[in-house]
Structures are given as structure tokens and as C-alpha cells.
Asks: 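Here it is, the structure in full.
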Amino acid sequence: SQVNRQVAVALRRWVVREVSPRPGLRVVDAYCGSAAHGRHLARRGAEVVGIELDAGAVEAAGDGAPARFSAVAARVEHALADLLPADRVIVNPPRRGVDARVCSVLRDQPVARVIYISCDPATLARDLRRLGEAYEIRRLRGFDLFPQTSHVETVVTLDHFT
């Protein structure tokens, strides 16, 4: 959860808008934590699978979760390929960004849209380079979750070139 609730709600609404949930849409919520995004999307009709390394967070994500939501306790770089194909992938990695293998999977098994939530502009830039030319940046928006600091949460919407 975030300290700045008002901005956190705005960020979640933005992510939901970018995913455009509907019945039958398949979403992978990578680095999902307690699955604030994935659970909300499942309530809006999407079929969502979360991936989170922390077993306690996976358990919390499953408590009272909608029927269309499930989560697995695993490293994203180990589990993502097996959960594809999907229509959307959300990645919300820790400050170190995504493992290079995640970018490889997303290049080799592309999805129509990736929503990347980043707390570090440097690792975001590195990961966007790793994705190469497989995806086009559609939208980019910053969220000031920590006012009067240098930290900003960035959400990048990437669409696959078809």
C-alpha cells in the first residue's frame, strides 16, 4: 500500500483505464504484491493471474479475492512464460526493475499491451531498451506519490507492433 492514498487511487484508476478490463480479457499482474491492481481488474471482468515472490503477499492477495483472480508465488522471470499467452501484462517491479529474462519473454511471446509501473527512471529506461523495438510507447504518465521528494512513480503503456 502507498502512503499517499489519493495519488495511489489515481494511479490505480490510470492502470485500469490502460488495461481496459472486460469479460474474457486475460491479464498477468507481475510483481503483484497484494494484488491491488489484479483484484480490481478481476472485479471488472478480466481473468487475472498475479505473480509475486513473497508467499505472504500471495496469501493476502487471495484472501477474499474475486473468482477470476488467482496468484502464484514465484519469481516473475521463472513463471511468466508459462502464464502466457495473455492480452495484457502489468509489471510493477521493485526499484531494480525487471530481470532481463522478463524482457526476453515479452519479446518472444508478445502481448498486445504491457503496462509498466516504475519507481526508478533509470531501470525503466534500461528495461524499455531491453524490450527493443517490439513495443511502441503509447502513453507515459508520472504520479507524485511522495510529494516534495525526487521520487516519482511512472506508468508507461506499451503496445506491441503487429
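Scope of the values below: all heavy atoms of this structure, side chains included, with no hydrogens, waters or symmetry mates. Everything quoted here is computed from the prediction, not taken from an experiment.
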Asks: Which pair of non-hydrogen atoms, one from Asp87 and one from Gly24, has the smallest distance, and what is that distance?
Replies: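 Heavy-atom minimum between the residues: OD2-O, 4.0 Å.
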
Asks: Would a distance-only check, ignoring hydrogens and angles, find a side-chain to backbone donor-acceptor pair under 3.5 Å from Glu52 to Ala57?
Replies: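 Checking the backbone N and O of Ala57 against the side chain of Glu52, no donor-acceptor pair under 3.5 Å is found.
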
Asks: Of the non-hydrogen atoms in Arg95 and Thr123, which two are nearest, and what is the gap between them?
Replies: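 The answer is O-OG1, 3.0 Å.
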
Asks: Between Arg139 (side chain only) and Glu18 (backbone N and O only), is there a donor and an acceptor less than 3.5 Å apart?
Replies: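 Side chain of Arg139 to backbone of Glu18: no pair is present.
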
Asks: Rounded to the nearest 0.5 Å, what separation is found between the CG atom of Leu41 and the CZ atom of Arg88?
Replies: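 The CZ atom of Arg88 is 10.5 Å from CG of Leu41, to the nearest 0.5 Å.
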
Asks: Given side chains that start at C-beta, do those of His37 and Arg12 come closer than 4.5 Å, heavy atoms only?
Replies: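 SC-SC contact between His37 and Arg12 confirmed.
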
Asks: Treat each ILVMFWY residue as a node, draw an edge where side-chain heavy atoms are under 4.5 Å apart, and state whether Tyr31 and Leu83 are in one component.
Replies: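 Looking at the clustering, Leu83 is in the same group as Tyr31.
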
Asks: Can you find a heavy atom in the side chain of Glu153 that is under 4.5 Å from one in the side chain of Leu11?
Replies: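 Yes; the side chains approach each other to less than 4.5 Å.
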
Asks: Of all the heavy-atom pairs spanning Val152 and Asp144, show the shortest one and how long it is.
Replies: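 Result for this residue pair: CG2-N, 4.4 Å.
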
Asks: Does any part of the side chain of Val15, heavy atoms only, come nearer than 4.5 Å to the side chain of Ile90, both counted from C-beta?
Replies: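 The answer is yes, as the side chains (C-beta and beyond) meet within the 4.5 Å cut-off.
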
Asks: As a quick check of understanding, evaluate side-chain contact (heavy atoms from CB on, under 4.5 Å) for Val155 and Leu140, giving each step before the final call.
Replies: CA-CA 6 Å; Val155 180; Leu140 182 140; over 6 Å; no

Asks: Answer yes or no: is there a donor N or O on one side and an acceptor on the other, between the side chain of Arg101 and the main chain of Glu77, under 3.5 Å?
Replies: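 Not at all, since once roles are kept as given, no pair shorter than 3.5 Å links the two residues.
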
Asks: Kindly give the heavy-atom pair with the smallest separation between Phe143 and Val7, and that separation in Å.
Replies: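 That would be CB-CG1, 3.9 Å.
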
Asks: Do you know which two heavy atoms are closest between Phe161 and Glu133, and how far apart they sit?
Replies: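 Answer, listing the atom of Phe161 first, then Glu133: CD1-O, 3.1 Å.
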
Asks: For Glu59, is the CD atom crowded, meaning more than 12 foreign heavy atoms sit under 6.0 Å from it?
Replies: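 For Glu59, atom CD is not crowded (no more than 12 foreign heavy atoms under 6.0 Å).
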
Asks: With rounding to the nearest 0.5 Å, note down the distance linking SG in Cys103 to CG in Leu128.
Replies: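 Here the interatomic distance stands at 8.0 Å.
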
Asks: Quick one, Val27 and Val19 - any side-chain contact, counting heavy atoms below 4.5 Å?
Replies: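 Val27 vs Val19: side chains touch.
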
Asks: Under a 4.5 Å cut-off applied to non-hydrogen side-chain atoms, are Val16 and Arg44 in contact?
Replies: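 They are in contact (side-chain heavy atoms under 4.5 Å apart), so the answer is yes.
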
Asks: Do Leu158 and Leu131 touch side chain to side chain, with heavy atoms closer than 4.5 Å?
Replies: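 Yes, side chains in contact.
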
Asks: Let me confirm one number: the CD1-OG1 distance from Ile117 to Thr154, rounded to the nearest 0.5 Å.
Replies: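 Reported value, rounded in 0.5 Å steps: 10.5 Å.
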
Asks: Between CD of Glu47 and CG of Leu25, what distance do you get to the nearest 0.5 Å?
Replies: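 With rounding to 0.5 Å, CD (Glu47) is 9.5 Å from CG (Leu25).
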
Asks: Please report the interatomic distance CH2(Trp14) to CZ(Arg141), rounded to the nearest 0.5 Å.
Replies: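 If we round to the nearest 0.5 Å, Trp14:CH2 and Arg141:CZ are 5.5 Å apart.
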
Asks: Could you report the tightest heavy-atom contact between Arg126 and Val98, atom names first, then the distance?
Replies: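 Here Arg126 and Val98 meet closest at NH2-O, 3.3 Å.
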
Asks: For the pair Tyr135 and Asp159, evaluate side chain to side chain donor-acceptor pair (under 3.5 Å) and give the outcome as yes or no after the intermediate values.
Replies: CA-CA 5 Å; Tyr135 293 90; Asp159 286 347; over 6 Å; no

Asks: According to a hydrophobic-cluster definition based on side-chain heavy atoms being under 4.5 Å apart (Ile, Leu, Val, Met, Phe, Trp, Tyr only), do Val58 and Val48 belong together?
Replies: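 No: no chain of side-chain contacts under 4.5 Å links Val58 to Val48.
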
Asks: Look up atom CZ in Arg26 and atom CG in Leu84, then write down how far apart they are to the nearest 0.5 Å.
Replies: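 Answer rounded to 0.5 Å: 7.5 Å.
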
Asks: Are Val114 and Leu124 co-members of a hydrophobic cluster defined by side-chain heavy atoms under 4.5 Å apart?
Replies: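 Yes, one cluster joins them.
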
Asks: Quick check: do Leu145 and His151 have side-chain heavy atoms less than 4.5 Å from each other?
Replies: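 No, too far: nothing below the 4.5 Å cut-off.
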
Asks: Among Asp29, Val89, Val76, Val102, which residue satisfies the side chain to side chain contact (heavy atoms under 4.5 Å, CB included) criterion with Ile51?
Replies: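 Exactly one pass, corresponding to Val76.
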
